[in-house]
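A quick write-up on the structure given underneath.
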Amino acid sequence: MMLVKQTTKIIAILVFLMTSVSAFAISGVPDDQHQEGGGDKVDTPEEIKAYISHHLKDSHDFHLYTNHETGTHVGFPLPVIVWTSEGLKTFMSSEFHHDDNGQVIVNKDGVQLTKIHSKIYELAPGADAVVFDDHHHAENAHKVLDFSITKSVFGMLLTGILMLLGFVALAKGYKKGAIPTGFSRVLEPLVIYVRDEIARPNIGEKKYKKFMSFLLTVFFFIWILNLLGLTPLGFNVTGQIAVTTCLAIFTVVIYLFSGTKDFWGHTLWMPGVPYILRPILAVIELIGFVVIKPFSLLVRLFANITAGHFVVMTLIALMITMKEAFGPAVSTGMSLVLSLFIMVIEILVAFLQAFIFTMLSSLFIGMAVEEHDHH
């Protein structure tokens, strides 16, 4: 537990320092080079919609707040790691000065880089500004391979560290005695719940232990990320389709490669069915296991988390959109009450989505490893 406490303090200090030294992320460029309005207040329905859409996406830095009087953005940057035509280039995202419209150009050893709609582009040789077509697509720039530590990547790394520390402390606690102490008392009931209510019923008493490490990892990974999404840092990791797709692919690989001979026999050559229909049913079964089941996993998690964030930010925006109709006091009060209500529900949803993803994963694995009775 001492290790957990010390590491938690270090992480808190690092976050505080990164926030405090926001000079890295405070833009010193003119207002017309800031993204979408610079230091202007977001006070129209179109601006609010664009603001919410922007903050639901991944980003290369943490944006804490904007000083509308000076037009500066306060936050802290993250490392940008890109592969360009001239090889690997690394720098801090603060060099973009929070611009997301391709107006700020970063020169790295002769390579001109800019950021457009959260994507990093490399300008064509000789170009010193981005040329856009009628649809606001860059004509003289192309995307680079982006390996940056974005906000979502930072959130996953932080979650991984927290999980590692928590489970290491829980394991050490069991070595000292049968009853864990400290924060391990919170983890133990959840571990037992995943084992007794998810793994055992769906996979079976004989084989559930083999998959417990994956089920525990995916449950706590999704749950902690969902909780981090409710913090002011604005994580929306499980609201990124790439993240949920990867999680679903892990589940697919595990249950396909764990499938028993009996499972594949029933899938590819279904007994008790006319021979002429067996190839058709085999194709349908394969599509179900390889496409439909993982698609249902990834879309359910992605859609629910994204919708939750959208609803929360929309309710917060009520204090602006309803200000003229009800006055600042009433609109702010309505926004506060409704936002708090939805945030409480989102805490439940954070756990519920982790439970559903883990439950369905264990169910699919159980279908693959089940031994059928042929009598």
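Along the sequence shown, residues carry numbers from 1. These numbers come from the heavy atoms of this one structure, side chains and all, not from hydrogens, waters or symmetry mates.
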Q: Could you check Ile105 against Asp128 for side-chain contact (heavy atoms from CB on, under 4.5 Å), going step by step and ending with a plain yes or no?
A: CA-CA 8 Å; Ile105 309 298; Asp128 56 2; over 6 Å; no

Q: Would you mind checking if Lys119 and Asp146 are paired as a salt bridge, meaning a charged N to carboxylate O distance below 4.0 Å?
A: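 Lys119 and Asp146: not salt-bridged.
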
Q: For the pair Asp58 and Lys151, find out whether any cationic side-chain nitrogen is under 4.0 Å from an anionic carboxylate oxygen.
A: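 Salt bridge absent between Asp58 and Lys151.
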
Using a 4.5 Å cut-off on heavy atoms from C-beta on, say whether the side chain of [Y] contacts that of [X].
| X | Y | value |
| --- | --- | --- |
| Trp269 | Tyr275 | yes |
| Asp100 | Lys115 | yes |
| Thr159 | Met163 | yes |
| Phe302 | Val243 | no |
| Asn226 | Val349 | no |
| Thr251 | Pro294 | no |
| Leu286 | Leu268 | yes |
| Ile254 | Phe211 | yes |

[atom1]/[X] to [atom2]/[Y] distance, rounded to the nearest 0.5 angstrom?
| X | Y | atom1 | atom2 | answer |
| --- | --- | --- | --- | --- |
| Leu56 | Met313 | CG | CE | 6.5 Å |
| Leu225 | Ile305 | CG | CD1 | 9.5 Å |
| Met334 | Leu318 | CE | CG | 6.5 Å |
| Ile120 | Leu113 | CD1 | CG | 7.0 Å |
| Leu352 | Ile222 | CG | CD1 | 11.5 Å |
| Met156 | Leu228 | CE | CG | 12.0 Å |

Quick check against the 3.5 Å criterion: does [X] have a side-chain atom that pairs as donor or acceptor with the backbone of [Y]?
| X | Y | result |
| --- | --- | --- |
| Asp61 | Ser93 | no |
| Ser362 | Ala199 | no |
| Arg278 | Met270 | yes |
| Asp99 | Val104 | yes |
| Ser148 | Thr150 | no |
| Thr217 | Ser213 | yes |
| Lys89 | Val111 | no |
| Asn202 | Gly366 | no |
| Ser331 | Pro328 | yes |
| Thr244 | Ile241 | yes |

Q: Please work out which of the three classes, parallel, tilted or perpendicular, describes the rings of Phe132 and His136, given edges at 30° and 60°.
A: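 Parallel, since the angle between the ring planes stays under 30°.
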
Q) When the ring planes of Phe235 and Phe154 are compared, do they come out parallel, tilted or perpendicular, using 30° and 60° as the limits? A)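 Phe235 and Phe154: parallel rings.
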
Between [X] and [Y], which heavy-atom pair has the shortest distance, and what is it?
| X | Y | value |
| --- | --- | --- |
| Val186 | Pro189 | O-CD, 3.3 Å |
| Val130 | Ala138 | CG1-CB, 3.8 Å |
| Glu122 | Thr84 | OE1-CB, 3.5 Å |
| Gly265 | Pro271 | O-CD, 4.4 Å |
| Leu315 | Ser335 | O-OG, 2.7 Å |
| Gly166 | Leu187 | O-CD1, 3.4 Å |

Side-chain heavy atoms nearer than 4.5 Å, only ILVMFWY residues, links allowed to pass through others: does that put [X] and [Y] together?
| X | Y | result |
| --- | --- | --- |
| Leu340 | Met322 | no |
| Ile276 | Val283 | no |
| Ile116 | Val80 | no |
| Val106 | Tyr121 | no |

Q: Would you mind telling me which of Phe364, Trp264, Phe263, Phe295 makes a ring pair (Phe, Tyr, Trp, His ring centres under 6.0 Å) with Phe289?
A: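 With Phe289 as partner, ring pair (Phe, Tyr, Trp, His ring centres under 6.0 Å) holds for just one option, Phe263.
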
Q: Measure centre to centre between the rings of Phe96 and Phe91, then say whether the value is under 6.0 Å.
A: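 Yes, they do, as the ring centres are separated by less than 6.0 Å.
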
Q.
Distance alone, cut at 3.5 Å: any donor-acceptor contact between the side chains of Thr260 and Asp262?
A.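 No, because no side-chain N or O of Thr260 sits under 3.5 Å from a partner of the opposite role on Asp262.
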
Q.
Pairing donors with acceptors under 3.5 angstrom, does anything connect the side chains of Thr238 and Gln353?
A.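 No.
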
Q: Report the C-alpha distance between Leu190 and Phe351 in whole Å, list the side-chain angles of each, state the deciding distance to 0.1 Å, and finish with yes or no for side-chain contact (heavy atoms from CB on, under 4.5 Å).
A: CA-CA 11 Å; Leu190 292 172; Phe351 175 85; 4.1 Å; yes

**Q.** Trace of the side-chain contact (heavy atoms from CB on, under 4.5 Å) decision for Leu215 with Tyr208
**A.** CA-CA 10 Å; Leu215 296 177; Tyr208 80 91; over 6 Å; no

Q) Is there a side-chain contact (heavy atoms from CB on, under 4.5 Å) between Asp109 and Glu86 once you walk through the steps? A) CA-CA 9 Å; Asp109 301 325; Glu86 298 295 329; over 6 Å; no

